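Below you'll find the structure, written out as C-alpha cells, and then a few comments.
Because the structure is predicted, anything quoted here is derived from the model rather than measured. When reading the values below, keep in mind they use all heavy atoms of this one structure, side chains included, and skip hydrogens, waters and symmetry mates. Numbers restart at 1 for each chain; the letters A, B, ... are given by sequence-line order, proteins then strands.
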Amino acid sequence: MAVAFDEMNGPGGELRSAYQELSRWLSDTPPDALEHRRHEAELLFRRIGITFAVYGDAEAQERLIPFDVIPRIISGKEWTLLEKGLKQRVRAINMFLRDIYHGRDILRANIIPDDLIFQNPVFRPEMNGQAVPHDVYVHIAGIDIVRVDAENFYVLEDNARTPSGVSYMLENREIMMRLFPDLFARHRVAPVEKYPDELLTALRSVAPLHASSEPTVALMTPGVYNSAYYEHSFLADKLGVELVEGRDLIVKSDEVFMRTTEGLKRVDVIYRRVDDEYLDPLTFRPDSALGVPGLMSAYMAGNVTLANAVGTGIADDKAVYSYMPEIVKFYLGEEPILKNVPTWRCREPADLAYVLDHLGELVVKEVHGSGGYGMLIGPAATKATIEAFRDKLKREPEGFIAQPTLALSTCPTCTASGLAPRHVDLRPFVLTGRDRVTIVPGGLTRVALKEGSLVVNSSQGGGTKDTWILDE
Amino acid sequence: MLSRTAENLYWLARYVERAEYLARTIEATLRVTALPNAYTGQGNEWDSALLTAGVSASFYGLYDEATEASVVEYLSFSPANPSSIRNCIENARLNSRSVRTALTSEMWDTINGAWIDLQEIWGKGAKTREELTKFLRFVQEISLRFDGSAYRTMLRNDAYWFSRLGLHLERADNTARILDVKYHVLLPEEEHVGGPLDYYQWTSILRSVSALTAYHWVYRETLKPWLIADLLILNDTLPRSLASCYGNLVRNLDQIGVAYGRQGAAQRHARGVRNRLEHSHMDDIFQRGVHEFIQEFIADNGRLGEIIAKQYLI
C-alpha cells in the first residue's frame, strides 16, 4: 500500500494552498486551547442530543459520534469537478432505474448480465412497469467519495436507498461556527444551511401529478429506537413537516392519511427513512410493525410519492456498482467524470481466481453488506481471517466483490498525542427533483480515528469532521 | 398536529409535574418526621406519603415496612416503581425524543440535561439526607425550568395547549390525592378532634403544594383547617387548587375547540366540573362530606383524562 496523500501537507510535505490559513491558525493556537474547544464541542453535542444507537450494544444505547474540530478543506476548483461528476452519476442512476423497471435496454444491450438484476434480492418486481412522478427514483443520494492523490477522486459506494448523515453535515457546521468564529472569519466557506430548503423543494416537486398545489410532505421514521432517529427528527423539524411512524398513517381507498388531533389528513409525499421490506406488511415482511398496511397499493395507484422510490437498492448493490462507468456511458453518452475503484467481480471465474491469489492485498466486500461489516481488509487481516474469507468466497463467489486497498487521503486530526494524520472519506448529498439536480457545497467527512485504520464507519469507531468548500 | 405528538406532549407535561409533586411530598414528609413524636402524633407519615403518591399497594409488594429509607428509595430512585421520580424523568425524556419537532430547544435542553444529570450525578441515588435534599431541589428546578421555557418559548398553538392540559390534569390529581389522604385533619372546628397536634400536619400539607406562604397572604389568619381546605379546593388564585386547575383546563380546551372549530365531550365535561367547583361553598362540602367530595372529584378528573384521550389522542 502506497503512502497516503495528506490533504494539508502534500506528498513532498509542502503546505497545500487550501490549508494555508488553517495551518497558520493551528500554529498560533496553543494545544490546550484546542483541547478546551474540543471538550466544549462534545458537551454541545451531548446537550443537543445528537446521538446514534448501535444495535446490540445494550451498554451504550445512545452514543455520540466523535467529532473532530479540525475542518477538512476542499478547494473551490476541486469541488466544481466533484459537483459535476456527482450530478452526472446521479442522473445516470435515475435513468438506469427507470430502464430496469421498464424497457431494460441495458440488459438487451448485454451491458449488465440479467441474473445480476433478476436474482438480486433488492430487485423489486412490484415496480415493473410502475410509473413514478417525473421518473425520479433516487431523490436523495449519498455518494461516498475517497481521494488518493492531488488529482484523483474515486466513488467508493453509491447510497441510493435511505442514506443518512446529512444532519451531521448541518450540525457540525453550526457547532464549528459557534466555537471557531475567528477561523471562519479567515476563510470564505460556502454555506450548507440551504440543504433543508432544497430538500423540501425537491420533495414537493415530485408530488403525485394530481395532488394539490400545496402538497403535504411527511417524514416517516421507524421510530425512536432507530439508530438514525435523531437525524429523522432533526430533518422533520428543519423541513417543517410531520415526523410520522407507521402507526400514525392509515390507508383508505388507496389514499394515505395521517391521524391528527383534527381527524385524518391527506399525505402526498413521504420522505421515508424506512427500508423497502418494512414499508407495508401486506406486500413485504408480514411481521413488520413499522409499516402501513396498504401503503404499496396507494403507491401503485399513484396517490402518494415515496422518496426514495421502492426498489432503488438495485442501483447501490456493490456488484452493480462495478458497472457504473458503463451505465453512465450507456445513458448519457458521456465519459464518467468520477472514477470507480477498480473492482473484481467474484462471480466471474477469472476475477475470482485473481482475488483468491491476492487476498492478502485486497479489500473484499459483501455485495449486500453495509456499515463496514462483513468486510476483509487484506493487509490488516490475520492469516486465519483471510483463510475464513477464502472459504466463504469459494462457497458463494457471487456474494462478493474485491477492490485494491486504497490509500485513502489523510487530514490532520486531534489525537491523544496531538495533531496527527487520519484517513478520511466524504459523503456529499445529491438531491433530485422534478427538473433539477442540486448539491449543497459540502458533505459529511468521516474520519477513521484509529491510527492507520481505513474504516470510517461510525458503528466501528469512526468520527466526523466539518467539511469546508472554499468559495474562491 | 399528529395525535401521537399531542399524546406525547400531554404525557411529557404530566411526568414532569408528577416528578415535582413527588419531590415536594418527600420534602414535606422529611420535615414532619424530623419533629419529635409529641408534635405529630402516632401515624406513620411515610405511609401517608405512599398513599398520596398512589403507590401503596405496589410498595408493599416489595417491602415489609414503610421507613424513611425504603419510601425515599421507592419514590425517588426505584426502577421497580413505574412512577418513581427517576422513571418520571426517563419517561419525560422518552416522550420528548418522540416529539422533538414540537418542543422548543429550551424545553428539550431542560429535559435532556436533567436526564444526563440523573445518570451522571444521581446514578447511585442519594447517600445522605443532605444529598437527598439537593436531589429534591434538582427535581423541582427541572419542572420550574421546563414550565418556564414552555411559557416563554412555545408558540401559542395546539402543541402548547395539549401540554398545558397534561400539566393541569396531573396537578389537579395530585392536590386531590393529598386531600384524600389527609382530609381527616381538615375537618371544621366543631368536628375537630385532633387539637394542636395537627398543626404540623397542616403545614406539611401546605408545603407539599407550595402554599404555606400563600395561605397567610390569602387569609391573613393563623392556620385553620377549614381554610386550608378552602384554599386547596375552591380558591382559584392558588395555582395548585382544584378550582384553578379546572379554570385552566377549561381555558385550554376552549382554545383547542376554537382553533379546530369544534367542541366536544372534553369541553363539556371540564366545564361541568369547573361549574360545580365555582358554585360550591366549603360549608356544603363539609356537610356532604369532604371525603366523598374528593373521591368524586378524583373520579371526574380521571374521566376527563379518558375523554381527552378519546377525542384527540387516539
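No hydrogens or angles considered: a donor-acceptor pair under 3.5 Å links the side chains of Tyr246(B) and Asn301(B). Side-chain polar atoms of Asp158(B) and Tyr312(B) form no donor-acceptor pair below 3.5 angstrom.
Once rounded to the nearest 0.5 Å, the distance linking SG of Cys245(B) with CG of Leu169(B) reads 9.0 Å.
Contact count versus chain B (heavy atoms, under 4.5 Å) is highest, among Lys265(A), Arg247(A), Met258(A), Glu245(A), for Glu245(A). Of the listed residues (Arg262(B), Met1(B), Gln311(B)), the greatest number of heavy-atom pairs within a distance under 4.5 Å of chain A belongs to Met1(B). Interface remark: of the candidates Ala6(B), Gly261(B), Gly113(B), Ala259(B), Gly113(B) forms the most heavy-atom pairs closer than 4.5 Å to chain A. Considering only heavy-atom pairs separated by less than 4.5 Å from chain B, the leading option among Gly223(A), Gly240(A), Ser233(A) is Ser233(A).
For Tyr160(B), there are no ring pair (Phe, Tyr, Trp, His ring centres under 6.0 Å) partners, not counting sequence neighbours. When the salt bridge (Lys or Arg N to Asp or Glu O under 4.0 Å) test is applied to Glu170(B), the partners found at least two apart in sequence or on another chain are Arg14(B), Arg18(B). Under the salt bridge (Lys or Arg N to Asp or Glu O under 4.0 Å) criterion, Asp275(A) pairs with no residue, sequence neighbours left out.
The shortest distance between side-chain heavy atoms of Lys465(A) and Asn172(A) does not fall below 4.5 Å.
For Leu2(B), the parts lying under 4.5 angstrom from a heavy atom of chain A are both the backbone and the side chain.
The residue from Asn95(B), Leu9(B), Ile111(B) that alone fulfils the side-chain contact (heavy atoms from CB on, under 4.5 Å) condition with Leu103(B) is Leu9(B).
Residues of residues 211-221 of chain A placed with any heavy atom under 4.5 Å of a heavy atom in chain B are absent; none qualify.
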